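One structure is given below, encoded as structure tokens.
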Amino acid sequence: MAKLSPSILAADFSKLGDQAVKASKAGADYLHIDVMDGHFVPNISFGAGVMKSLNKYETAPYDVHLMIEDVDKYAADFVTEKTEYITIHQEACTHLHRSIQHIHSLGVKAGVALNPATSIMTLENILDDIDLILVMSVNPGFGGQKFIPIALDKIEELDAIRAENNMGFLIEVDGGVDLDNSKAIVDAGCDILVAGSAVFGADDIRKRIKDFKRIIG
Ligand code: DX5
Ligand code: ZN
């Protein structure tokens, strides 16, 4: 049974609280928090203050995706009572093992994201240290892009590696996820699907989440 993590990047920011509550009540397992710094990716989204403005609402826990350069400097800002995962990019970290240790020291779970061009072999030596691998199925920076199918091969490979080695990391997929491709993504071994425009772009957010949940189990 896979989980759904709607990305608030695609929400109407003028109604962020209402939309986050609506998505959570409809069955969203997490809220995906896409943080972009204009350096690691060619776009700026929002910072920890916007995420924290949701703390007073009853929402699903936060699944934070940091698309930023200086993760060691900013990760702590994203730790709240509702933060479950902080995911950082392999490509942004010179000392990835140290950054993962830093996130764990903050009391939250640590994820590592891989861009479409980055091989899963780059994580070979730290698979035991991470709680989640985020397979990017678009090049990060923007919502509403088209799913890159090579991501399915990566998910299958990761799923096989964790089965062979009895490992516990979760596999998350992010970018271009919609009702049409979500079954194939789950069948490949994905545990958490991120969907931005496919959820918040829908006329009826509640119904769209129910439709996703019916497909992904
Ligand atoms: C891309 C972000 C994704 C994206 C998802 O840089 O990390 O989370 O916003 O949005 P959709 O589902 O619209 O591709
Ligand atoms: Zn994301």
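When a ligand or atom number is given, it counts from 1 through the structure's own listing order. Because the structure is a prediction, the values reported are computed rather than measured.
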Sidechain N-carboxylate O distance under 4.0 Å for D204, K210: no
Hydrophobic cluster membership, Y85 vs I130, 4.5 Å side-chain cutoff: no
Ligand-residue contact atoms, ligand 1 with H32, heavy atoms, under 4.0 Å: 8 (O)
Ligand 1 atoms in contact with M36 (distance to a heavy atom under 4.0 Å): 6 (O)
Distance filter under 4.0 Å to M67 heavy atoms, resulting ligand 1 atoms: 6 (O), 7 (O)
Numbering as shown, the atoms of ligand 1 that approach G175 to under 4.0 Å (heavy-atom distance): 14 (O)
Sub-6.0 Å ring centroid separation between F46 and F13: yes
Closest approach to the Zn ion (ligand 2) by D174, given as the N, O or S atom name: OD2
Pair R206 + D211: basic N to acidic O under 4.0 Å: no
For atom 6 (O) of ligand 1, the option (of S7, A113, G196, G141) bearing the nearest heavy atom: G141
Per-atom contacts of ligand 1 with A195, taking only distances under 4.0 Å to non-hydrogen atoms: 12 (O)
For L9, atoms of ligand 1 separated by under 4.0 Å from a heavy atom: 9 (O)
K15/D12 salt bridge by N-O under 4.0 Å criterion: yes
Test item: Q145 side-chain N/O and N139 main-chain N/O as donor-acceptor pair under 3.5 Å: yes
Protein residue, atom and distance nearest to atom 5 (C) of ligand 1, heavy-atom basis: D174 OD1, 3.5 Å
Atom name, H65 (N, O or S, nearest to the Zn ion (ligand 2)): ND1
Heavy-atom side-chain proximity of K213 to I209 below 4.5 angstrom: yes
Main-chain N/O of G176 paired to N181 side chain as donor or acceptor, under 3.5 Å: yes
Numbering as shown, the atoms of ligand 1 that approach H65 to under 4.0 Å (heavy-atom distance): 7 (O)
Residue selection (non-hydrogen contact nearest atom 14 (O) of ligand 1) among G176, S137, S45, S197: G176
Atom indices of ligand 1, in the order listed, that fall short of 4.0 Å to a heavy atom of G143: 9 (O), 10 (O), 13 (O)
Shared hydrophobic cluster for Y74 and L96 (ILVMFWY, side-chain gaps under 4.5 Å): yes
Option set P140, G144, A198, criterion heavy-atom distance to atom 11 (P) of ligand 1, minimum: G144
Nearest-neighbour protein heavy atom for atom 1 (C) of ligand 1, which is reported as residue plus atom name and distance: F142 O, 3.6 Å
Of all N/O/S atoms in D34, the name of the one nearest the Zn ion (ligand 2): OD1
Backbone or side-chain N or O of N139 under 3.5 Å from ligand 1 N or O: no
Any donor-acceptor N/O pair, D37 side chain to F40 backbone, under 3.5 Å: yes
pair M36-I44: side-chain heavy atoms closer than 4.5 Å: no
